[in-house]
Amino acid sequence: IETFKMHQIGELVRSKPGRRFIVVFDNSDARLQLARRIFSEYPDTIQTVYLREVESKELPSGAVAFHTAFDIALHEVAQRRLSEKEAMVV
């Protein structure tokens with residue numbers, strides 16, 4: 001599954017040159033490793049990896065824990081990638 005996910009992310013990144021992305025996973029051990037790999041392979045393309053906090057774990061640098069979609073929206077507002085009006089729709 002991890003190989004499949006990396007392949008899919010790679011395909012998306014290559015199909016949209018110049019675009020930047022956010023990624024959303026849960027924070028299982030496998031996804032934490034995948035987040036580290038994504039940041040390593042696509043440092044200029046992946047802006048943030050959001051990891052739904054299912055367990056308290058140390059997150060990779062650049063990853064953000066969240067509980068709800070609204071948590072993601074608030075972080076995106078703080079990063080100026082989403083307006084407050086857009087966040088209120090979430």
Side-chain angles (χ1 to χ4, degrees):
I1 289 181
E2 303 311 313
T3 300
F4 172 78
K5 288 182 182 189
M6 277 305 295
H7 175 76
Q8 294 300 106
I9 290 168
E11 288 292 314
L12 178 63
V13 167
R14 285 186 290 281
S15 73
K16 308 287 184 189
R19 301 273 312 262
R20 299 195 69 202
F21 299 92
I22 64 169
V23 180
V24 180
F25 294 134
D26 63 37
N27 73 342
S28 66
D29 288 334
R31 299 315 177 279
L32 290 172
Q33 292 173 3
L34 187 57
R36 287 183 184 96
R37 188 170 166 201
I38 288 168
F39 280 130
S40 174
E41 291 190 26
Y42 306 106
D44 298 324
T45 305
I46 304 300
Q47 291 184 313
T48 306
V49 173
Y50 287 100
L51 295 160
R52 184 173 61 87
E53 194 165 30
V54 293
E55 298 177 24
S56 291
K57 295 183 179 183
E58 184 177 333
L59 302 180
S61 176
V64 177
F66 76 96
H67 293 281
T68 68
F70 193 66
D71 296 331
I72 293 174
L74 290 177
H75 187 264
E76 289 298 301
V77 168
Q79 297 300 308
R80 298 178 184 216
R81 296 188 292 243
L82 197 64
S83 72
E84 288 182 17
K85 183 178 179 180
E86 291 167 322
M88 295 310 293
V89 174
V90 175

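Bear in mind that the values here come from a model prediction, so they are computed numbers and not experimental data. Counting from 1, the numbers follow the sequence of the chain as shown.
- For R36, the side-chain contact (heavy atoms from CB on, under 4.5 Å) partners at least two apart in sequence or on another chain are L32, P60.
- At least one side-chain heavy atom of L34 sits less than 4.5 Å from a side-chain heavy atom of M6.
- Clustering ILVMFWY residues whenever any of their side-chain heavy atoms sit less than 4.5 angstrom apart, transitively, puts I72 in a cluster other than the one holding V23.
- Annotation: side chain of E41 is not in contact with side chain of I9 (no heavy-atom distance under 4.5 Å).
- No side-chain heavy atom of Q33 sits under 4.5 Å from any side-chain heavy atom of E2.
- Scored by the side-chain contact (heavy atoms from CB on, under 4.5 Å) test, R19 finds K16, F21 as partners (sequence neighbours excluded).
- Screening E76, R20, E86 for a side chain to side chain contact (heavy atoms under 4.5 Å, CB included) with R81, the sole residue that qualifies is E76.
- Under the 4.5 Å side-chain heavy-atom criterion for Ile, Leu, Val, Met, Phe, Trp and Tyr, L82 and I22 are members of distinct hydrophobic clusters.
- R14 contributes atom CZ, which lies 10.5 Å from atom OG1 of T45 (distance to the nearest 0.5 angstrom).
- Here the NZ-NE2 distance, from K5 to H7, works out to 14.5 Å after rounding to the nearest 0.5 Å.
- How far CE of M88 is from CZ of F70: 5.0 Å, rounded to the nearest 0.5 Å.
- A chain of hydrophobic side-chain contacts below 4.5 Å, direct or via other Ile, Leu, Val, Met, Phe, Trp or Tyr residues, connects L12 to V49.
- By the criterion of side-chain heavy atoms lying less than 4.5 angstrom apart, applied directly or through intervening Ile, Leu, Val, Met, Phe, Trp or Tyr residues, L59 is grouped together with F39 in one hydrophobic cluster.
- Side chains of I38 and F25 form a contact here, defined as non-hydrogen atoms less than 4.5 Å apart.
- Here the shortest heavy-atom pairing between S83 and V77 reads O-CG2, 3.6 Å.
- The environment of CD in E58 is sparse: at most 12 heavy-atom neighbours from other residues, nucleotides or ligands sit within 6.0 Å.
- Counting heavy atoms from C-beta on, the side chains of F66 and V24 come closer than 4.5 Å.
- Heavy-atom minimum distance, S40 versus P43: O-CD, 3.5 Å.
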